[in-house]
There are 2 protein chains.
Amino acid sequence: MARSATTSDAFNAVAEPQRRRILNLLTQGERSVNDVAGSLCLKQPQASKHLRVLKEVGLVSVRGSGQQRLYKLNGEGLKPIHDWVKTFERFWNESFDRLADYLNELQTREQSNEHKE
Amino acid sequence: MARSATTSDAFNAVAEPQRRRILNLLTQGERSVNDVAGSLCLKQPQASKHLRVLKEVGLVSVRGSGQQRLYKLNGEGLKPIHDWVKTFERFWNESFDRLADYLNELQTREQSNEHKE
DNA sequence: TTGAAATATTCCCATAATGGAATATGTTAC
DNA sequence: GTAACATATTCCATTATGGGAATATTTCAA
């Protein structure tokens with residue numbers, strides 16, 4: 001077997017630095033392909049190809065506007081990564097002098113959750 | 001150019017599902033190679049190879065203990081991923097009914113940070 | 001020293017990715 | 001229809017992967 005496809009999930013799609021740069025840019029709003037290419041010093045075809053991957057894994061959506069195609073960030077797609085990595089938070093918060101703060105934060109979060117449901 | 005090496009950074013190392021499973025397991029404490037292989041139904045060589053990658057990017061550390069080598073999670077290595085993905089949090093918290101809660105949490109976090117420094 | 005256990009490495013194969021370059025497809029205006 | 005712009009796709013070369021299988025290496029015990 002080979003490495004899994006970049007289009008297999010968000011983890012693989014986001015492993016490529018250029019694609020992370022694209023997502024960072026889309027944080028500021030919709031962008032056309034040429035805008036993306038221009039802002040990040042990519043050639044148009046590569047921008048288009050990266051955007052295709054991001055679209056396939058649901059990290060962006062597209063809509064046509066005239067002869068342009070506007071790509072928009074779909075942040076939800078990153079949640080799986082966030083959720084996974086979050087379970088490791090305690091491994092860098094665990095120094096003793098910060099543990100108290102950390103526990104505090106957890107508690108605050110829990111209250112906030114109760115409030116939501 | 002080809003895809004960047006799995007050993008180039010945490011993002012790439014963690015794109016492989018088996019390696020995420022290994023990290024999840026190491027959450028519970030040090031494990032020998034055979035423990036890892038056994039717990040996750042991997043063959044010994046593959047476990048060893050995945051652990052090598054994780055070690056190369058600093059996500060685990062090793063120490064010898066008799067004829068075993070005990071691998072230990074180094075959670076700090078995941079912080080870059082956490083930090084990156086964190087900047088997208090607002091994109092799934094942004095529904096109006098939760099925005100207030102979100103801002104609240106941000107504020108709480110800030111106070112907590114002031115307290116730390 | 002010899003053997004057994006634990007781990008690491010090597011070789012092979014099928015698969016796939018990235019950037020570059022060229023080209024195809026689409027859309028709009030005239 | 002045609003020119004011009006925007007975007008997508010295809011082909012290429014290089015590089016690397018992950019699993020399987022076999023083997024090498026290290027470490028300990030007797």
Side-chain angles (χ1 to χ4, degrees), chain A residues 1-23 25-26 29-57 59-73, chain B residues 1-26 29-73:
Chain A
M1 215 179 287
R3 223 210 280 213
S4 35
T6 54
T7 51
S8 56
D9 58 29
F11 283 95
N12 280 283
V14 149
E16 162 66 41
Q18 307 286 24
R19 284 195 285 267
R20 287 202 299 280
R21 296 211 300 146
I22 292 178
L23 293 178
L25 176 62
L26 293 185
E30 277 183 336
R31 289 287 186 279
S32 73
V33 178
N34 268 339
D35 279 355
V36 171
S39 299
L40 304 181
C41 290
L42 301 174
K43 312 222 159 146
Q44 178 269 323
Q46 335 300 348
S48 185
K49 283 187 268 191
H50 283 310
L51 285 164
R52 189 195 208 286
V53 172
L54 293 173
K55 187 179 53 179
E56 276 195 53
V57 297
L59 285 170
V60 301
S61 58
V62 211
R63 81 183 166 92
S65 167
Q67 58 208 111
Q68 303 190 320
R69 312 205 70 203
L70 299 180
Y71 283 84
K72 186 175 123 194
L73 175 64
Chain B
M1 216 180 286
R3 221 207 285 212
S4 35
T6 55
T7 51
S8 57
D9 58 29
F11 284 96
N12 280 282
V14 148
E16 162 66 42
Q18 306 286 27
R19 284 195 284 267
R20 287 201 298 278
R21 295 211 302 146
I22 293 179
L23 293 177
N24 287 339
L25 176 62
L26 293 185
E30 277 182 336
R31 288 288 187 279
S32 72
V33 178
N34 268 339
D35 279 356
V36 171
S39 299
L40 304 181
C41 291
L42 302 174
K43 313 222 158 144
Q44 179 270 320
Q46 334 300 345
S48 186
K49 282 187 270 190
H50 282 310
L51 285 164
R52 188 194 209 287
V53 172
L54 292 173
K55 188 179 51 177
E56 277 196 52
V57 297
L59 285 170
V60 302
S61 58
V62 210
R63 79 183 169 93
S65 166
Q67 58 209 114
Q68 302 190 320
R69 314 204 70 203
L70 299 180
Y71 283 83
K72 186 174 123 195
L73 176 64

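Basis for what follows: all heavy atoms, side chains included, without hydrogens, waters or symmetry-related copies. The structure displayed is predicted, hence computed values, not measured ones.
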Please report the distance, rounded to the nearest Å, between [atom1] in [X] and [atom2] in [N].
X: B/Arg69; N: C/dA6; atom1: CZ; atom2: C1'; answer: 11 Å
X: B/Leu51; N: D/dG18; atom1: CG; atom2: P; answer: 13 Å
X: B/Glu30; N: C/dA6; atom1: CD; atom2: P; answer: 17 Å
X: B/His50; N: C/dT7; atom1: NE2; atom2: P; answer: 16 Å
X: B/Leu54; N: D/dT17; atom1: CG; atom2: P; answer: 13 Å
X: B/Glu16; N: D/dA16; atom1: CD; atom2: P; answer: 17 Å
X: B/Lys49; N: D/dT17; atom1: NZ; atom2: P; answer: 11 Å
X: B/Arg20; N: D/dG18; atom1: CZ; atom2: C1'; answer: 15 Å

Would you say a side-chain N or O of [X] is under 4.0 Å from OP1 or OP2 of [N]?
X: B/Arg52; N: C/dT9; answer: yes
X: B/Asn34; N: C/dA5; answer: no
X: A/Ser32; N: D/dA6; answer: no
X: A/Tyr71; N: D/dA8; answer: yes

[X] versus [Y]: any side-chain heavy-atom pair under 4.5 Å?
X: B/Asn34; Y: B/Gln44; value: yes
X: B/Leu51; Y: B/Lys49; value: no
X: A/Leu70; Y: A/Val33; value: no

- prompt: So, B/Ser8 versus B/Asn12: side-chain donor-acceptor pair below 3.5 Å or not?
  reply: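 Distance-only check passes for B/Ser8 and B/Asn12.
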task: Might you work through the side chain to side chain contact (heavy atoms under 4.5 Å, CB included) test for A/Val60 and A/Lys72, ending with a clear yes or no?
output: CA-CA 5 Å; A/Val60 301; A/Lys72 186 175 123 194; over 6 Å; no
Closest to side chain of [X], choosing from [options]:
X: B/Gln18; options: D/dT7, D/dG19, D/dG18; answer: D/dG19
X: A/Ser48; options: D/dG20, C/dG19, D/dT9; answer: D/dT9
X: B/Val33; options: D/dC11, C/dT7, C/dC11; answer: C/dT7

- request: May I ask you to list the residues of residues 2-12 of chain B, by number, that have any heavy atom positioned under 4.0 Å from an atom of DNA chain D?
  value: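 Here the set is B/Ala2, B/Ala5, B/Thr6.
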query: How would you label the contact of A/Lys43 with the nucleic acid (heavy atoms, under 4.0 Å): base, sugar-phosphate, or nothing?
result: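 Touches sugar-phosphate only.
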- request: Let me have a per-nucleotide readout for nucleotides 22-30 of chain C, 5' to 3', with B, S or -, counting only protein heavy atoms under 4.0 Å.
  value: B---BBS--
- request: Under the side chain to side chain contact (heavy atoms under 4.5 Å, CB included) rule, what do B/Val14 and B/Arg19 come out as? Steps first, then yes or no, please.
  value: CA-CA 6 Å; B/Val14 148; B/Arg19 284 195 284 267; 6.0 Å; no
message: Determine whether a donor-acceptor pair (N or O, by modelled atom type, separation under 3.5 Å) exists between the side chain of B/Arg21 and the backbone of B/Leu40.
response: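 Indeed, once roles are kept as given, a pair shorter than 3.5 Å links the two residues.
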- request: Pick out which of B/Asp35, B/Leu54, B/Leu73 makes a side chain to side chain contact (heavy atoms under 4.5 Å, CB included) with B/Leu26.
  value: B/Leu73
query: Do B/Arg20 and B/Glu16 sit within salt-bridge range, that is, some charged N less than 4.0 Å from a carboxylate O?
result: no
task: Give the C-alpha distance, both sets of side-chain angles, the deciding distance and a yes or no for side chain to side chain contact (heavy atoms under 4.5 Å, CB included) between B/Glu30 and B/Arg63.
output: CA-CA 10 Å; B/Glu30 277 182 336; B/Arg63 79 183 169 93; 2.7 Å; yes
